[in-house]
Amino acid sequence: MPNRRAGTERLAPLVWSAAALLVVFLALPMTAMVWRAWGESRGLTPEALRVLRRAMGLSLATTGATMLVVALLGTPLAYALARRRFPGAALVDTLVDLPIVLPPAVAGIALLMAFGRRGVLGRWLDEAGIQVTFTTTAVVLAQVFVAVPFFVRAAKAGFARVDRDTEAAAADLGASPARVFWTVTLPLARPGLAAGAVLAWARALGEFGATIMFAGNNAERTQTMPLAIYGRYYANDLQSALLLAMVLLGAAVLVLLSVRLAGGNAGSAGL
Amino acid sequence: MGDPVVRRFGAVVALILAMLATQVPGAPPTRSAPAARSASACPAPATPAAVPAAGSPTPAPDVAATPVAFPGGGGDLTVFAAASLTDAFERIATDLEAANEGLRIEFNFGGSQALVTQLAEGAEADVFASANTTQMTAAQDQGSIAGTPVTFVRNRLTIVVPRDNPGGVASAADLGDDGLDLVLAAADVPVGRYARDSVCLMGGDAATYGDGFVARVAANVVSEEEDVRDVLTRVQLGEADAGIVYVSDVTADVEGQVTEVEIPDAVNVVAAYPIAPVQGGDAALATAFIGYLLGPEGQATLQEYGFESP
């Protein structure tokens, strides 16, 4: 016993310093950014202000549309994956998870190959006079592509946790399958759905790589906040870049807090 | 346990909306100025290709056309260079490394404005080659440059379209065609600035280019890129109908994929490329490299890649 205790005591400083090093490494960039942003908070030029507001507006509008698509199409998929055994379910499961680990540049190039003007589908769309690339629609498509997995995973876990006996009881009492779904299953799965929605929204809000490759960089149609940060930074307008970064940092903190405060269960459902 | 999540998500969204509504701190009262649409605003008359650009660095360099020898034993030379110089500089590096034992040349290519930002943030380099005077001056103003920049090469603009020319661009005047997907570099990128200047010159000739040409072109810009090679890529991939790049960008590699549509000299803009040693870099290596570029061999290679002598 004494030996063992001595061992832990010798280990403790090492453990602590390694842990502290990592914490500092994570905290330093954020602190430095906030510090610089504070220092640079002079009055913005009207031009910079217009860029900021447009980017924020575009980010809100596109992530809003993205969440609508993700929720409307993701919920049925999550339900199917949680409840039904169907051929290829494991494959679909993997496919849904893929965008989480896929580099955004790969997502961007893949979207181009599908919906680009010379893409598999884009070629037909182009002939029909429908253009996807360089439009706000392309921004939403890129966001849906990268955000869907976060929602589906969490929603699937939410559905999986719903007590089947409660559903059966409702059915025994004469509720139709649709009624059971709307009044029993969906409300009980809500923590998972909500946590998934928050995480998916955060991912959509931060989407950059696939967007710039697939949707291009157009101030009025496709320049969301991450693209504006990139653009302002390289235009030597650090102040605007930092301000936008602050807004996104704030949003990220709020997202984490909301997931955490709402209970570890829901938060850990998807991840 | 379920409802708090939903309510909190709502709260998050509400908070963010509130942040946006109350706007950013330190911002002056907003009464968005109506004009100043970056692409359609033409400054004072731009300089056509026929006249050398005003305020460009002295074309007669004191470094002179007598190449300086590289220090014996070589060394590592880091060059920050405008993206348009990529192919020519890589070839020059191959030549120089073969001729000077122990010499290793590393490049960082990008939009000149991006390179200036990187230098400002403390990136280490020995030489900076910019595609315009504006960005070289910005580098000088922030104290990144040692000595006086010299113009070592010039370039011209051209329109590129995908080989099948989906937008039917036959002349520069077609850049204003309704619904054309045009890609330019951003206005802070040298080639983006030159392209806008050129479009402004076209706009001054209403007889050839029609009324409201500048505004029509501005409305056609679907994407603004961070360097000239990104503009070229969009056209190569066939995603854009047209782009404005340098003549030197249409290399043998891309000739099969894109077609050039000439910009007439009267409305073309000559790009002047200044080069200078970077503060804190290896001065001997930098001077030797710049001297080589100004000398006959360097100039010959640059011309081979579509550039013009200063």
Side-chain angles (χ1 to χ4, degrees), chain A residues 40-47 49-50 52-53 56-57 60 112 116-118 126 131 133-135 187-195 197-198 201 212 215-219 221-223 230-231 233-238 243-244 246-247 250-251 254-255 257-259 261-263 265-267, chain B residues 1-13 15-17 19-20 23-28 30-33 36-39 110-111 113-118 120-121 135 138 142 162 164 166 179 181 183 186-189 221-227 230 233-234 237-241:
Chain A
E40 302 259 344
S41 57
R42 287 165 279 109
L44 286 168
T45 65
E47 168 67 25
L49 196 65
R50 200 162 41 243
L52 298 188
R53 293 173 73 196
M56 289 182 197
L60 275 188
L112 268 178
R117 241 185 183 183
R118 297 188 175 167
D126 192 49
Q131 190 182 353
T133 41
F134 303 126
T135 64
L188 286 175
R190 201 143 74 176
L193 295 175
V198 173
W201 179 74
I212 203 161
N217 180 28
N218 180 287
R221 293 191 286 272
T222 71
Q223 198 181 70
Y230 178 73
Y233 174 74
Y234 280 125
N236 255 322
D237 180 7
L238 190 60
L243 255 168
L244 281 168
M246 284 299 103
V247 176
L254 285 175
V255 160
L257 280 181
S258 71
V259 171
L261 288 177
N265 288 339
Chain B
M1 201 166 58
D3 284 329
V5 188
V6 180
R7 255 183 274 123
R8 289 222 161 78
F9 181 57
V12 170
V13 173
L15 253 166
I16 298 213
L17 282 169
M19 283 165 73
L20 294 183
Q23 284 204 353
V24 281
T30 56
R31 204 171 298 129
S32 54
R37 235 186 245 136
S38 54
Q113 82 298 342
L115 301 175
V116 171
T117 308
Q118 288 164 13
E121 295 296 318
Q135 295 304 336
Q142 70 191 24
D164 55 351
D181 282 355
V183 173
D188 318 281
V189 186
V221 177
V222 290
S223 187
E224 297 185 313
E225 309 300 331
E226 290 301 323
D227 74 48
D230 289 347
T233 303
R234 298 273 191 210
L237 288 174
E239 295 299 336
D241 292 327

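Convention: sequence-line order gives letters A, B, ...; per-chain numbering from 1.
In this structure, B/S223 contributes its side chain and A/N217 its backbone to a donor-acceptor pair below 3.5 Å. Looking only at distances, a side-chain donor or acceptor of A/N218 sits under 3.5 Å from a matching main-chain atom of B/V221.
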For this session: Mind running side chain to side chain contact (heavy atoms under 4.5 Å, CB included) on B/D188 and A/Y234 for me, showing each step along the way?
Result: CA-CA 8 Å; B/D188 318 281; A/Y234 280 125; over 6 Å; no
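Heavy-atom distances place both the backbone and the side chain of B/A114 under 4.5 Å from chain A. In this structure, the portions of B/E239 lying under 4.5 Å from any heavy atom of chain A include both its backbone and its side chain. Interface remark: A/T133 contributes side-chain atoms only to the contact with chain B (heavy atom separation under 4.5 Å). Contacts of B/D241 with chain A are made by both backbone and side-chain atoms, with heavy-atom separations under 4.5 Å. Looking at A/Q223, there are no atoms closer than 4.5 Å to chain B (heavy atoms on both sides), in backbone or side chain. Residue A/R118 touches chain B through both its backbone and its side chain, counting heavy-atom pairs closer than 4.5 Å. Looking at B/V183, only its side chain comes within 4.5 Å of chain A, counting heavy atoms on both sides.
Distance OG1/A/T222 to CD/B/E224: 9.5 Å, rounded to 0.5 Å. Distance check: A/R117 CZ to B/D181 CG gives 5.0 Å after rounding to the nearest 0.5 Å.
Nearest heavy-atom pair across B/E121 and A/L238 is OE2-CD2, 4.4 Å.
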